[in-house]
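Structure first, then comments.
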Amino acid sequence: MALQLAGKHIVLGLSGGIACYKAAELTRELAKAGATVQVVMTAGAEAFITAVTLQALSNRPVYTSQWDAREANNMAHINLSREADAILIAPASADFMAKLVHGRADDLLSLMCLARPMERVPLLVAPAMNREMWSHPATQRNVAQLVADGVSVLGPGAGDQACGEVGDGRMLEPEALRDELIAFFQPKLLAGQRVLITAGPTFEAIDPVRGITNHSSGKMGFAIARAAQEAGAEVTLVAGPVHLPTPRHVRLINVQSAQQMHDAVLPQAAAHDVFIATAAVADWRPVNTQTHKVKKDASGQVPAFEMTENPDILAAVASLPNRPYCVGFAAESHDLLHHTSEKRVRKNVPLLVGNIGPATFGQDTNALLLVDELGHRELPQADKLSLARELVREIAQRLHNANNDKT
Ligand code: C5P
């Protein structure tokens, strides 16, 4: 996958807390994603982890003091904040957030946050503290004020705490913070939109141990869910049996069969602005699921299963009176443009996306062919997340045009 933070300069600020140990891994994750990372530490942070560790991982000297004589003008707070594409405070202690709220500036990190040009250098904080400290009204007041001041608050997560207690207040894991930052930089093309997506294969049970399914991995649908969420949409993902991590902030509904997928999708489809059907839904299912495993016996008799057709979820959503903007997928083996165009008309949807099924099932890359009433556009071979972001751009453009037509 492309380096998701290439060209981004991140100032990573550490305030004091045991979660400082995770800041080392976070520095590595950001650097691995292509960012340059400049670490700034408070005295409290230095009590938990050394600047040497973070210098080695970021490949840059760490700043710890507002009196740092290395800066020609002796204004580290100005120089550091002007260079940054974003400032991320991780961990952000309760005390440091309180300082931010009050505009205090008695150390380099708080001074730098106060001195940053607010309109072009966003500030993100990843709180990390004991659960009682997090839920204290003073902290909650401070968090609300930070949000009102335009600061993005990432997490915190819940779970085991270093103090032995369990609850809210854990700093998000380094990979999660990296993904939050990647998402933060994506254009908010679907802000306020509700997007419903189906993904993966379905599993049509024959008996308790066997069933009919296919090779869909769900990767394309999950990538689209992630891309739509990064673009600011509220995303619901209805997925058949897959083995994939759920993208952050996406509501996942797990199903097995086509009928279950249909029943999960239909009641909520009209409340969404966009429906994207990437699932490889089984066309048929056995009429009856056997209660017990069908046994092979000595007779050599092969069992016959009576099959029936599954409901077409996309066609059902597309025929709703108040339908969302519908996007279908076609997994073909040949004649992609012909089959995709034909399917678009047959399913009565404004946009159909063709791909070569055998070439993409289970892979991390794909190539897409977008077909609408005006013509077609190819999105050449790329990783699925890049393609998903491009598809989101295309959908956002069409939604925008449709809304303009209405006015
Ligand atoms: O019908 P066909 O499989 O050729 O069309 C594929 C498109 O229709 C995909 O978007 C797929 O998710 C959707 N579909 C569906 N329900 C079905 C079969 C396909 O939503 N039962």
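Counting starts at 1 for both ligands and their atoms, following the listed order. Just so it is clear, the values below take in all heavy atoms, side chains as well, and ignore hydrogens, waters and symmetry mates.
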Indicate yes or no for a side-chain donor-acceptor contact from Ser15 to the backbone of Ser93 under 3.5 Å, with no hydrogens or angles considered.
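Checking the backbone N and O of Ser93 against the side chain of Ser15, a donor-acceptor pair under 3.5 Å is found.
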
Would the distance check show the side chain of Lys8 and the main-chain N or O of Asp85 forming a donor-acceptor pair, the cut-off being under 3.5 Å?
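It does not hold such a pair.
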
Output every pair passing ring-ring contact (aromatic ring centres under 6.0 Å, His included) with a member in residues 326-380, not counting sequence neighbours, ordered by first then second residue.
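Those involving residues 326-380 are His334-His339.
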
Can you work out which protein residues put a heavy atom within less than 4.0 Å of ligand 1?
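Around ligand 1, where the cutoff is 4.0 Å for heavy atoms, the contacting residues are Ala277, Ala279, Val281, Pro311, Asp312, Ile313, Leu314, Gly328, Phe329, Lys343, Lys347.
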
Is any side-chain heavy atom of Tyr63 closer than 4.5 Å to a side-chain heavy atom of Gln38?
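Yes; the side chains approach each other to less than 4.5 Å.
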
Is it the case that atom CD in Glu342 sees more than 12 heavy atoms from other parts of the structure closer than 6.0 Å?
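Yes, because the 6.0 Å sphere around CD of Glu342 holds more than 12 heavy atoms from other groups.
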
Restricting to non-hydrogen atoms, name the atom on Leu12 and the atom on Ala23 that form the minimum distance, rounded to 0.1 Å.
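Shortest heavy-atom separation between Leu12 and Ala23 comes out as CD2-O, 4.2 Å.
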
